[in-house]
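Side chains are part of it too, since the values below use all heavy atoms of this structure and drop only hydrogens, waters and symmetry mates.
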Amino acid sequence: VISGTTATTEVGLRHFAGTTELVELWLHDRPLTEECLKPFRANTKLQQLVLANTGATDAGVAPFGACPDLRHLDLNNTTVTAAVLPHFHA
């Protein structure tokens with residue numbers, strides 16, 4: 001489980017590149033960029049992804065559609081659109 005706050009930085013998140021076993025990622029309430037999410041794309045075991053109140057975009061979120069166990073996705077108050085939904089399983 002990784003939970004970030006406004007003190008979490010893009011540089012700090014890069015240290016998670018290569019991790020593959022995360023099941024929860026909470027990076028809410030921060031000025032998130034697409035670059036911040038890249039280190040977590042290999043975590044296909046994610047069950048919860050919380051990006052509410054961030055700068056998350058369609059391009060940054062779409063790769064997480066490859067997570068077959070994703071059950072909770074919080075994108076409230078982001079610029080993510082319905083166009084990203086086909087990337088996610090039903």
Side-chain angles (χ1 to χ4, degrees):
V1 175
I2 294 178
S3 180
T5 65
T6 54
T8 307
T9 66
E10 184 176 319
V11 173
L13 293 174
R14 288 183 197 156
H15 293 284
F16 292 98
T19 59
T20 59
E21 300 295 319
L22 290 177
V23 293
E24 294 184 22
L25 179 58
W26 296 60
L27 295 174
H28 53 87
D29 302 312
R30 61 173 326 272
L32 190 69
T33 66
E34 186 176 336
E35 289 298 314
C36 292
L37 294 175
K38 283 184 179 179
F40 300 100
R41 289 182 178 172
N43 287 283
T44 57
K45 294 181 182 181
L46 279 177
Q47 296 174 9
Q48 294 189 42
L49 179 59
V50 178
L51 302 173
N53 302 308
T54 68
T57 63
D58 288 357
V61 171
F64 293 98
C67 299
D69 297 326
L70 191 62
R71 301 290 180 255
H72 179 84
L73 178 62
D74 187 347
L75 300 171
N76 286 311
N77 298 316
T78 67
T79 61
V80 176
T81 68
V84 79
L85 293 178
H87 295 275
F88 292 85
H89 56 82

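- To the nearest 0.5 Å, the span separating CG on N53 from OG1 on T78 amounts to 9.0 Å.
- Annotation: side chain of E24 is in contact with side chain of W26 (closest heavy-atom distance under 4.5 Å).
- Distance check, rounded to the nearest 0.5 Å: CG of N76 to NE2 of H28 gives 12.5 Å.
- The minimum heavy-atom distance between P63 and G60, with the atom names listed, is CD-O, 3.7 Å.
- Taking all atoms of both residues into account, the shortest heavy-atom contact from A42 to T19 is CB-O, 3.8 Å.
- When T54, L27, T57 are each tested for a side-chain contact (heavy atoms from CB on, under 4.5 Å) with L37, only one passes: L27.
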Output, in order, the C-alpha distance, side-chain angles, deciding distance and verdict of side-chain contact (heavy atoms from CB on, under 4.5 Å) for H72 and V50.
CA-CA 8 Å; H72 179 84; V50 178; 3.8 Å; yes

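- A66 approaches P68 most closely through the heavy-atom pair O-CD, 3.0 Å.
- Ionic pairing of E35 and R41 is not present here: no N-O contact between side-chain nitrogen and carboxylate oxygen is shorter than 4.0 angstrom.
- Using modelled atom types, one side-chain atom of N43 and one backbone atom of L22 make a donor-acceptor pair closer than 3.5 Å.
- Between L75 and V61, some side-chain heavy-atom pair lies under the 4.5 Å cut-off.
- In this structure, CG on D69 lies 8.0 Å from OG1 on T44, to the nearest 0.5 angstrom.
- For the atom pair T33 OG1 and K38 NZ, the distance stands at 9.0 Å (nearest 0.5 Å).
- Residues L51 and F88 share a single hydrophobic cluster, defined by chaining ILVMFWY side chains whose heavy atoms lie under 4.5 Å apart.
- The CD atom of E21 sits 3.5 Å away from atom NZ of K45, with the distance rounded to the nearest 0.5 Å.
- In terms of heavy-atom proximity, F40 sits nearest to L25 at CG-CD2, 3.6 Å.
- The minimum heavy-atom distance between D58 and V80, with the atom names listed, is OD1-CA, 3.2 Å.
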